[in-house]
Every structure is written in C-alpha cells, then in structure tokens.
Amino acid sequence: MTPEILYYACAAIAVVLSGLAKGGFAGVGALAMPVMALGVDPVRGAAILLPILIIQDAVSVWSFRHDWDRRVLVVMLPGMAVGITLGYFFAAMVSETAVLGVLGAISVVFGLHRLWLERGGAVGLPSNSPNWVGTLFGVASGFTSQIAHAGSPPFQMWVLPRRLPRDTLVGTTAIAFATMNWMKVPAYAALGQFTRANLTATALLVPLALLSTFAGVSLVRRIDPTRFYTLIYVLMVLLGLKLMFDAVL
C-alpha cells in the first residue's frame, strides 16, 4: 500500500469513527486519532480532523439541543480552556515523535480504562464531588483533547457518576466538546497547521463526516452500542502500543 493510499484509508476510517461518536456512540471516536496517526504525523492529523469535528459537532448539538446539564458545562469548560493551552505549549515545544508517544500512551490508558468499565469497574468519584474537582478533570480533558482529540475519559470520570439521563448526557457531552473544539482553533492556527494542503484534505472528507454523523444519530437510538465497544477498545490498546513502539524507534 502506497503512503498516499494508506493516508486516505486511515483518514476515512477516522472520520467514520468520529462521526459515529458525535452521533451518540460516546467513546468510539477516541480511536480516530490512533488510526489517523498510522497514515500521517499526529499533529497534522489532528489539525485535519479538527474542522471535521466542528462540522460534526453542529449536527450532534442540534440533534440533542434540548437535553443538557448547565452545571457540568459551567464547571468543566474553564478547566478545558486551561488544558488546551497546556496542550498547545506541549505540542509547540516537543518533537513530533514525542507527540506520537503521548498519543499512544493516551490511547492505551483510554482503552484499558474503558475495558475496565465495560467489565463492571466503577468510576471512583462520588456523585457529589465538589466543583473544583470537576474543573481539574476539565483541565485533563482539554489537554488530552488538544493532543489527541481524546478528552472523553477525564470528562466522563467526573460526569458519569452524576447519572444524568441518557439524552442529557449525550447532549451535555456534545455541547462541551463542540465548545472545546472551537477553543482549539487558535492553538492549531498558532502551530501553523491550517495549511492549504491540510484544509484541502479536510474538505475532501467532509461529506463522509456528515454522513457518518447522521448515521450515528439514527443508530444510537436503535442499537445497543456496547456490542461494539469491547472490540473498539481492544483495538485502541493495540494501536496505542504500536504508536508508542514507533515513537521509541
């Protein structure tokens, strides 16, 4: 397989995964960046995906616009802004290889965490944990989202114990990550990643992004997504290990 074919194949798979996640299959989208990194360096891959995520956000926010929790957003969004800033300085100061290694580590931790939850592991925070704890988890979510578009684990660790209704959880997640993705635009612009080549690649992937997002919105209300999660998270761990291995070679 030529590098160009590998890139477009990885990009297409990544966009479909992120679309399903934006449509309501929470967690599946975290596999997008590890897949994307197989075909292109992680900072460029994240920049190509960012405008697509913003477009997909519009669909998911509109679909769940009546169901969201104000307190979660007020508590976590300021922390997310701080985390994004820290992630920007990290990406600006280290090599692409270091970013690749961090992406791999985030993928492994995310995958193992989700597999643990799938097998009955409990989130270790009480449902009434104070707001400052939520803000700290927002910082972690913003950092991992800036580096790898993988801010879900810290976000969920504070939000899931609150046991929000399903649609409220999906809607709150959609609004939080839509806002966070717009926060990341200045950071990626400062990193010089919104080039003509990258934006052209984004434009070519937009139709697939929209189709997969609408498919996710439709399917999430009909299918139990847990059937797919175990495979997704095992693949995430394996891909994360591969990225870490590549980073140290």
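Every heavy atom of this structure was used, including side-chain atoms; hydrogens, water molecules and symmetry mates were not.
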Spell out, as yes or no, whether a donor-acceptor pair under 3.5 Å connects the side chain of K184 to the backbone of L50.
-> no
Closest heavy-atom pair, G45 versus V40, reported as atoms and distance to 0.1 Å, is CA-CG1, 3.7 Å
Heavy-atom closest contact (L208 atom, A12 atom, distance) | CD2-O, 3.6 Å
Taking the inter-plane angle between the rings of F194 and Y188 on a 0 to 90° scale, is it parallel (under 30°), tilted (30 to 60°) or perpendicular (over 60°)?
-> tilted
Rounded to the nearest 0.5 Å, what's the gap from CZ on R44 to CG on L49? Could you check?
-> 11.5 Å
Rounded to the nearest 0.5 Å, what separation is found between the CE atom of M36 and the OG atom of S18?
-> 9.0 Å
Given side chains that start at C-beta, do those of T97 and S95 come closer than 4.5 Å, heavy atoms only?
-> yes
Single-linkage hydrophobic cluster L211~Y8, side-chain heavy atoms < 4.5 angstrom | no
Out of curiosity, H149 NE2 to F177 CZ, how far, rounded to the nearest 0.5 Å?
-> 12.0 Å
Quick one: does NZ or CZ of R70 land under 6.0 Å from the six-membered ring centre of W68, within 45 degrees of the ring axis?
-> no
Does the side chain of V159 come within less than 4.5 Å of T172's, by heavy atoms?
-> no
Which is it for D41 and L100 under the side chain to side chain contact (heavy atoms under 4.5 Å, CB included) test, yes or no, and what are the steps along the way?
-> CA-CA 8 Å; D41 77 75; L100 187 70; over 6 Å; no
Answer whether the closest heavy-atom distance between the side chains of L243 and P34 falls below 4.5 Å.
-> yes
Do L31 and I13 come close enough that some side-chain heavy atom pair is under 4.5 Å?
-> no
Say whether, by atom type as modelled, one donor and one acceptor occur between the side chain of S141 and the main chain of G151 under 3.5 angstrom.
-> yes
Nearest atoms (heavy-atom pairs only) where Q146 meets A187 = NE2-CB, 3.6 Å
Rounded to the nearest 0.5 Å, what's the gap from CG on L235 to CG on L17? Could you check?
-> 9.5 Å
Where is the tightest heavy-atom contact between V99 and A91, given as atom of each residue plus distance?
-> CG2-CA, 4.4 Å
Test item: S107 side-chain N/O and M236 main-chain N/O as donor-acceptor pair under 3.5 Å = no
Min side-chain heavy-atom separation W116-L112 under 4.5 Å | no
Following the transitive rule for hydrophobic clusters with a side-chain heavy-atom cut-off under 4.5 Å over Ile, Leu, Val, Met, Phe, Trp and Tyr, establish whether V109 and V102 coincide in one cluster.
-> no
With no hydrogens and no angle check, is any side-chain donor or acceptor of T168 less than 3.5 Å from a backbone partner on D67?
-> no
Looking only at non-hydrogen atoms, find the nearest pair between L103 and A37 and report the distance.
-> CD2-CB, 3.6 Å
Does the side chain of W158 reach to within under 4.5 Å of the side chain of V72, using non-hydrogen atoms?
-> yes
Minimum heavy-atom distance G87-I147, with the two atoms named | O-CD1, 3.6 Å
Parallel, tilted or perpendicular: which describes the rings of F90 and F143, with under 30° parallel and over 60° perpendicular?
-> perpendicular
Would V170 end up clustered with W62 when hydrophobic side chains under 4.5 Å apart are linked, directly or stepwise?
-> no
Side chain to side chain contact (heavy atoms under 4.5 Å, CB included), paired with L210, selected from I55, L205, V15, I52 | I55
Are any of the side-chain heavy atoms of C10 and L6 separated by less than 4.5 Å?
-> yes
Rounded to the nearest 0.5 Å, how far does CG of L53 lie from CD1 of I48?
-> 12.0 Å
Treating Ile, Leu, Val, Met, Phe, Trp and Tyr as nodes and any side-chain heavy-atom pair under 4.5 angstrom as an edge, say whether F155 and V74 lie in one connected cluster.
-> no
Roughly how far, to the nearest 0.5 Å, is the CG atom of L38 from the CE atom of M33?
-> 10.0 Å
Would you find a donor on one side and an acceptor on the other, under 3.5 Å apart, between the side chain of T202 and the backbone of N198?
-> yes
